[in-house]
2 protein chains.
Amino acid sequence: MTSSKKPNSTRRSTSVSLADVAERAGVSKMTASRALRGTTGYSAETRALVLKIAEEMGYVPNRLAAAFGSDTANNLVGICIPTLSRELYGQILEGLENRFSSVNYQPIVGVVGYDDEVELAWLNSALSWRPSGLVVAGRERSLANRTFLQSLTIPCVEIWNLCGGKDTMEKSDPMRVGFNHFDAGAEMGRYLANRYQGPFGYIGVRDEDVNLGAERLAGFTSALLECGIPAPGRKNKNNSPVTTTFLKDKASFYAGYYGTEQLLTANPDLRVLYYLDDNMAVGGMMLCQQKGLKIPGDVAIAGFGGMDIGAILPTRLTTTAAFRLRIGKTAADALLKKISGSPVGVLTDVGTELVRGETA
Amino acid sequence: MTSSKKPNSTRRSTSVSLADVAERAGVSKMTASRALRGTTGYSAETRALVLKIAEEMGYVPNRLAAAFGSDTANNLVGICIPTLSRELYGQILEGLENRFSSVNYQPIVGVVGYDDEVELAWLNSALSWRPSGLVVAGRERSLANRTFLQSLTIPCVEIWNLCGGKDTMEKSDPMRVGFNHFDAGAEMGRYLANRYQGPFGYIGVRDEDVNLGAERLAGFTSALLECGIPAPGRKNKNNSPVTTTFLKDKASFYAGYYGTEQLLTANPDLRVLYYLDDNMAVGGMMLCQQKGLKIPGDVAIAGFGGMDIGAILPTRLTTTAAFRLRIGKTAADALLKKISGSPVGVLTDVGTELVRGETA
DNA sequence: TTGGCTTGAGTTACCGGTAACGTTACGCCG
DNA sequence: CGGCGTAACGTTACCGGTAACTCAAGCCAA
């Protein structure tokens with residue numbers, strides 16, 4: 001059944017190989033390969049015969065061998081993201097997967113949290129599969145990790161965060177697809193500063209010592225300053241117009257809930273609250289409702305993300321909509337282009353949209 | 001720099017290979033391989049030297065070659081899930097990835113929706129990578145797909161749904177890790193039937209012609225019948241005690257919101273509503289609030305999933321908590337055991353927990 | 001001293017594809 | 001009818017590892 005030129009050779013694998021198909025079809029391995037892949041170099045009859053035999057024999061191509069033997073035919077891509085617990089990355093990943101699978105690329109994914117060493121370990125491990133491209137979540141990272149990404153010889157795209165724009169990038173940095181979080185925060189800051197005098201508070205989370213969404217907060221703060229919002233002064237060491245709190249927790253409804261409670265207890269005068277994301281903002285709303293605080297009368301609330309919970313609340317949440325699925329798809333497209341050698345811009349801004357809800 | 005026994009041979013790849021390291025270290029490829037992998041058959045000095053050289057030369061192992069050359073060393077696993085938009089599968093996937101990566105297995109993931117043909121295509125494509133195991137989401141599938149899974153020669157585990165239990169399984173079926181959705185629905189049904197007389201309604205969604213969570217609804221319905229809840233009779237073709245509606249939409253807050261509106265408009269007498277998941281249930285709550293309906297006074301509401309939104313609402317949601325992360329981890333463990341040849345039970349029930357909230 | 005056992009390290013033969021190149025057959029054209 | 005271009009197909013040489021086997025050296029006990 002399994003055949004080989006040397007009859008005494010032992011076959012490790014029991015499955016049907018290209019050689020088996022070729023022999024049974026009475027053609028060479030090469031011809032069979034071409035016929036199965038549908039390139040050129042065979043007659044119609046030959047192709048039909050090979051396909052028929054392959055089907056009959058239950059031939060399953062071995063992409064391991066293909067990728068190994070060619071070093072151009074490897075259609076693996078690595079995708080490295082911090083978490084899947086937030087719906088954020090789930091949707092981005094879905095967008096990525098959709099596009100990649102549509103052109104027969106296989107994603108291998110890693111969920112690495114916010115720890116640089118874990119990320120680096122995963123990247124090394126992923127590279128040993130010789131993927132033809134890499135997708136990583138854009139975030140602040142250690143010099144070692146950044147250097148690692150810069151020294152890659154395969155195309156790489158950073159998603160989610162544009163990290164300050166073109167001028168701050170080095171040539172060797174990966175492409176970026178996402179939006180400018182600083183600007184998104186600033187836009188919300190301006191919007192709120194035009195409507196409220198403050199004082200302003202912010203509730204976010206810290207994961208493995210990194211403050212998530214730090215750039216948005218920076219943009220937010222900067223916009224408030226530009227709009228002439230004064231820093232409260234007292235118990236505000238960095239003299240910022242925003243009183244912040246960072247919970248050591250996952251970004252979740254519940255974190256928003258008790259984070260708001262903590263912040264308001266320590267600073268009962270706060271009148272405008274900005275959150276790391278919509279889920280936390282909704283948690284904050286729930287707390288305010290429970291305490292009998294009117295929104296936005298007593299406390300104005302703004303979130304981030306445009307998650308669909310915000311749209312159905314009795315009072316619609318004011319937020320910044322981010323287009324997660326689109327980021328995934330756009331990033332995948334950009335990477336595929338780069339892999340195929342087409343020119344691609346280093347920065348792709350998919351934008352955001354300020355959603356004027358009723359909570360702020 | 002790149003070396004080869006035949007000096008005139010052309011190297012396709014430019015990267016450092018095992019042979020390069022071995023030559024520079026003055027040992028054979030095989031010894032270098034063993035030293036790098038840390039098996040046996042080398043002295044401590046040899047190993048240290050090889051590691052040092054590999055480090056110096058920037059050697060990156062080629063797992064493609066390793067997997068190809070060994071057919072036991074392939075530590076790829078395929079993970080096939082319907083969607084990542086619901087946080088449900090995100091958390092399961094995170095659990096899976098955690099466990100797999102901890103033993104250096106690489107997951108390749110596919111997001112295939114609820115279409116049998118798409119799933120089958122993905123499975124075929126994934127198999128061509130010769131993974132050592134497969135994780136698929138447990139759900140109703142076509143005979144073709146079920147047969148395909150049964151004929152696999154590699155270990156496979158179905159997650160999420162125990163699908164009726166041991167007696168309904170065939171020997172060739174994949175292992176299952178999850179919980180019994182019928183029982184979960186039945187438990188909720190009994191709980192509600194003991195507190196309310198009805199009439200009962202259910203709001204779910206249909207994706208590509210499959211009703212998600214159908215087994216839970218079946219269990220729910222069956223429990224109501226057992227508790228003596230009568231079918232309303234009129235406009236209820238299948239004579240069920242539950243008036244159902246299935247939206248052609250994603251399971252989301254918004255779907256729950258307008259689904260509830262539709263159902264209540266058509267059936268204003270409904271007094272107890274059961275939902276596909278917590279998000280939809282919360283959407284329903286929001287609608288009720290907006291219509292001035294008291295919960296649970298006018299309408300009682302129960303969800304499913306134990307998503308954290310339910311825990312922070314002013315009135316805590318009555319629901320069934322499912323342990324998604326644990327399902328992922330348990331499933332990965334089971335698959336790894338099976339791959340390593342250890343005995344594993346065909347069914348692993350991670351259970352659920354009825355959460356007695358304040359909405360029902 | 002000898003023989004057996006352990007241990008370190010080399011040798012060889014693949015694994016199942018793809019790329020590159022060589023050869024043959026055949027149609028087209030003048 | 002000869003020259004030529006191209007389509008069809010065969011051959012061969014890898015790719016970068018791993019498994020199985022072999023062998024030499026070192027060690028210890030008898």
Point to revise | Terminal helix-axis angle for the helix from dT1(C)-dA30(D) to dG30(C)-dC1(D), with five pairs defining each axis and rounding to 10 degrees | key: 30°
Revision key, fill the gap. Rounded to whole Å, CG of Asn74(B) lies from P of dG17(D) at a distance of 15 Å
**Study point:** Polar side-chain contact Lys29(B)-dG17(D) base: donor and acceptor under 3.5 Å
**Key:** yes
Practice item. Tell whether Arg37(B) reaches the base of dG17(D) with its side chain through a donor-acceptor pair below 3.5 angstrom. Key: no
Practice item. Show your working on side chain to side chain donor-acceptor pair (under 3.5 Å) between Asp173(B) and Gln150(B) and close with a plain yes or no. Key: CA-CA 5 Å; Asp173(B) 273 330; Gln150(B) 288 175 337; 2.8 Å; yes
Practice item. Look at the side-chain N and O atoms of Ser43(B) and state whether any lies under 4.0 Å from the OP1 or OP2 oxygen of dA9(C). Key: yes
Check your understanding: Does Thr31(A) place a side-chain N or O at less than 4.0 Å from the phosphate oxygens OP1/OP2 of dG10(D)?
Key -> yes
**Study point:** Presence of Ser28(B) side-chain N/O under 4.0 Å of dG10(C) phosphate oxygens OP1/OP2
**Key:** yes
Revision key, fill the gap. Heavy-atom closest pair (Val16(A) atom, Met57(A) atom, distance to 0.1 Å) is CG2-O, 3.2 Å
Point to revise | Aromatic stack Tyr42(A)/dC9(D): centroid gap under 5.5 Å, interplanar angle under 30° | key: no
Review point. Around Glu117(B), counting heavy atoms of other residues, nucleotides and ligands shown, do more than 12 lie under 6.0 Å from its CD?
Key: no
Review point. Do Thr330(B) and Arg99(B) have side-chain atoms, one donor and one acceptor, less than 3.5 Å apart?
Key: no
Review point. Rounded to the Å, how far apart are Leu49(B) CG and dA9(C) P?
Key: 10 Å
Review point. Which residue, Ala65(B) or Val27(B), contacts DNA chain C at a nucleotide closer to its 5' end, judged by nearest heavy atom?
Key: Val27(B)
Exercise for review: Return no unless some side-chain N or O of Ser33(B) is found under 4.0 Å from OP1 or OP2 of dG16(D).
Suggested key: no
Point to revise | Nearest-angstrom distance from the residue atom CZ of Arg34(A) to P of dT18(C) | key: 11 Å
Practice item. Specify the separation, in whole Å, of atom CZ of Arg47(B) and atom P of dG8(C). Key: 13 Å
Review point. Can you check the Leu18(B) CG to dC15(D) P distance for me, whole Å?
Key: 13 Å
Review point. Between atom CG in Asn62(B) and atom P in dC14(D), what is the gap in whole Å?
Key: 18 Å
Contacts under 3.5 angstrom, residues 46-56 of chain B side chains, donor-acceptor by atom type, not counting sequence neighbours:
from, atom 1, to, atom 2, distance (Å)
Thr46(B), OG1, Ser43(B), OG, 2.6
Arg47(B), NE, Ala35(B), O, 3.1
Lys52(B), NZ, Glu56(B), OE2, 3.4

Review point. Heavy atoms under 4.0 Å, any strand shown: does Thr46(B) hit a base, just sugar-phosphate, or nothing?
Key: sugar-phosphate
Check your understanding: To the nearest angstrom, how far is Met30(B) atom CE from dC23(D) atom P?
Key -> 18 Å
Check your understanding: Is the number of heavy atoms from other residues, nucleotides or ligands within 6.0 Å of CD (Glu140(B)) greater than 12?
Key -> no
Exercise for review: Specify the separation, in whole Å, of atom CZ of Phe68(A) and atom P of dT18(D).
Suggested key: 11 Å
Practice item. Spell out, as yes or no, whether a donor-acceptor pair under 3.5 Å connects the side chain of Asn98(A) to the backbone of Gly95(A). Key: no
